[in-house]
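One structure is given below, encoded as structure tokens.
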Amino acid sequence: MRLTLIPTFAAVCRRGSFSRAAEKLHISQPAVSKAIKELEQDCGVALFARQHSTISLTPEGRKLWEGCQRWLKESEELEKLGTSLKTGCQILRIGVVPMCGNTIFLQLHSRFLETHPNVQIRTVEDTASVLYDLLDRQELDLILCVTNHLPLAPYHCKVIKKSRLELFTTPDNPLAQKASITFPELAGVPLVMFPDGFGQTRYIRKLFAQAQTIPQILHQTSQVFTILSYIRSGAAVGFLSQEFAQTEKDLVAVPVEGMPAASINLVWLQDTRTHPGIKEFVRAVSL
């Protein structure tokens, strides 16, 4: 069996289709199909059951995938070890939700590198659900996310701080004069928000529903910069973490009634005794 074909097999297993695997690997779909066919020839069995436009692992494919996951993990550990031996640097892979990526992670990152210059940090920014999936697959070592409920075992968790979402607007907006605001008062007010796939948006929609109010969403985007642009232009108001008030001096942050503080957490799965970089990062950035 040619081990060079395993990364393609792994991508198909993880993505659930040849086309999505091709996108992940930045190759053509026929190239993926060819690699899987060659791997099936090497193994002498069908690895995927093909039904119209869907695929699923055969029993033999599941056995191979179980073995591949162990092999890929060991290969990745060897790669990290080789890099550290060559450069003298450890590699730490950290996932960050967008809101934290623009505020608190900048501080944590710089603070850690001041005392640990030999650690190379690679970051991924995405929704919490995607980051947890990457953590489960051990493609990330740590994730920084925001939640109202702390994760349970098998996850390990360190609360960095508490933070609240506040409503940000321009100083000339009448809402800027309020000491606080309720969700019913936001009825009919244009909002710019993250897409519905983001946990923050689902949570805000839930709070609107509890207040029997329908939010008027003008625009949705995954980019914090775009949210800030809409707010600065006066076209919409938006929910941002209170940390943005320290950097966005031209905007006004209004507390929202019924919006409890959430925890900004570092979450990891691996044993810190065998992954000391995780332990060092958690210890170094604790506020």
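The residues of the chain are indexed from 1 along the displayed sequence.
T170 contributes no side-chain N or O that, together with a main-chain N or O of R232, makes up a donor-acceptor pair within less than 3.5 Å. Using modelled atom types, no side-chain atom of T8 and backbone atom of I6 make a donor-acceptor pair closer than 3.5 Å. Q220 places a side-chain N or O within 3.5 Å of a backbone atom of F194 that can act as its donor or acceptor partner.
In this structure, Q212 places its CD atom where only 12 or fewer heavy-atom neighbours from other residues, nucleotides or ligands lie under 6.0 Å away. The environment of CG in L106 is crowded: more than 12 heavy-atom neighbours from other residues, nucleotides or ligands sit within 6.0 Å. Other residues, nucleotides and ligands contribute over 12 non-hydrogen atoms within 6.0 Å of the CG atom of D196.
Rounding to the nearest 0.5 Å gives a distance of 11.5 Å between CG of L47 and CZ of R62. Once rounded to the nearest 0.5 Å, the distance linking CG of L251 with CD of E166 reads 12.0 Å. Expressed to the nearest 0.5 Å, how far CD1 of I121 lies from NE2 of H116 amounts to 9.5 Å. To the nearest 0.5 Å, atoms NZ (K37) and OG (S33) are separated by 10.0 Å. Considering NZ of K206 and OG1 of T201, their distance stands at 14.5 Å, rounded to 0.5 Å. In this structure, the separation between CE on M193 and OG on S222 is 14.0 Å, given to the nearest 0.5 Å.
V97 has its side chain out of reach of D126: every pair of non-hydrogen atoms, C-beta onward, lies at least 4.5 Å apart. Within the 4.5 Å cutoff, the side chain of S241 has heavy atoms near those of the T103 side chain. Using a 4.5 Å heavy-atom cutoff, the side chains of I204 and L165 are in contact. With a 4.5 Å cut-off on side-chain heavy atoms, P260 and N148 count as touching. A heavy-atom distance below 4.5 Å is not found between the side chains of F48 and S56. Side-chain contact check for R205 versus I217: some heavy-atom pair is nearer than 4.5 Å. Residues K279 and W268 have side chains not in contact (no heavy-atom distance under 4.5 Å, counting atoms from C-beta outward). I264 places none of its side-chain heavy atoms less than 4.5 Å from the side chain of V159.
If you chain together hydrophobic residues whose side chains sit under 4.5 Å apart, L113 and L266 fall into the same group. By the criterion of side-chain heavy atoms lying less than 4.5 angstrom apart, applied directly or through intervening Ile, Leu, Val, Met, Phe, Trp or Tyr residues, L25 is grouped together with L3 in one hydrophobic cluster. Note on F198: it does not cluster hydrophobically with I143, by side-chain heavy-atom contacts below 4.5 Å among ILVMFWY residues. Residues F244 and V146 do not share a hydrophobic cluster, defined by chaining ILVMFWY side chains whose heavy atoms lie under 4.5 Å apart. Each of M99 and F105 belongs to its own hydrophobic cluster when Ile, Leu, Val, Met, Phe, Trp and Tyr are linked at side-chain heavy-atom distances under 4.5 angstrom.
Note on E40 versus R50: salt bridge recorded, some NZ/NE/NH1/NH2 to OD/OE distance being below 4.0 Å. Comment: E23 does not engage R15 in a salt bridge, judged by the lack of any side-chain N to carboxylate O separation of less than 4.0 angstrom. Of the charged side-chain nitrogens involved, at least one lies within less than 4.0 Å of a carboxylate oxygen, so that E280 and R283 count as a salt-bridged pair. In summary, K34 and E38 engage in a salt bridge, as defined by a charged side-chain N under 4.0 Å from a carboxylate O. Salt-bridge formation is not detected for the pair E243/R164: no Lys NZ or Arg NE/NH1/NH2 atom is positioned less than 4.0 Å from an Asp or Glu carboxylate oxygen.
Here the closest non-hydrogen pair linking I278 and D141 is CD1-O, 3.8 Å. The minimum heavy-atom distance linking T182 with E185 is given by the pair N-OE1, 2.8 Å. The heavy-atom pair separating L150 from N265 by the smallest distance is CD2-OD1, 3.5 Å. The minimum heavy-atom distance between V124 and L140, with the atom names listed, is CG2-CD2, 4.1 Å. In terms of heavy atoms, L218 sits closest to A236 at CD2-CB, 4.0 Å. In terms of heavy-atom proximity, L175 sits nearest to V189 at CD1-CG1, 4.0 Å.
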Candidate pair C145 and L131, rule side-chain contact (heavy atoms from CB on, under 4.5 Å), full reasoning: CA-CA 9 Å; C145 56; L131 297 181; 5.6 Å; no
Verdict with reasoning, E139 to R122, per salt bridge (charged side-chain N to carboxylate O under 4.0 Å, His left out): CA-CA 11 Å; E139 294 181 29; R122 297 177 180 173; over 6 Å; no
Derivation and outcome, side-chain contact (heavy atoms from CB on, under 4.5 Å), residues Y230 and V237: CA-CA 7 Å; Y230 267 81; V237 300; over 6 Å; no
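When only modelled atom types and interatomic distance are considered, T221 and Q223 share no side-chain donor-acceptor pair under 3.5 Å. There is a side-chain donor-acceptor pair under 3.5 Å between S180 and E257. With 3.5 Å as the limit, one finds no donor-acceptor pair spanning the side chains of Q51 and T54.
Y132 has its ring centre less than 6.0 Å from the ring centre of Y155. Ring to ring, Y203 and F208 are not that close: their centroids are 6.0 angstrom or more apart.
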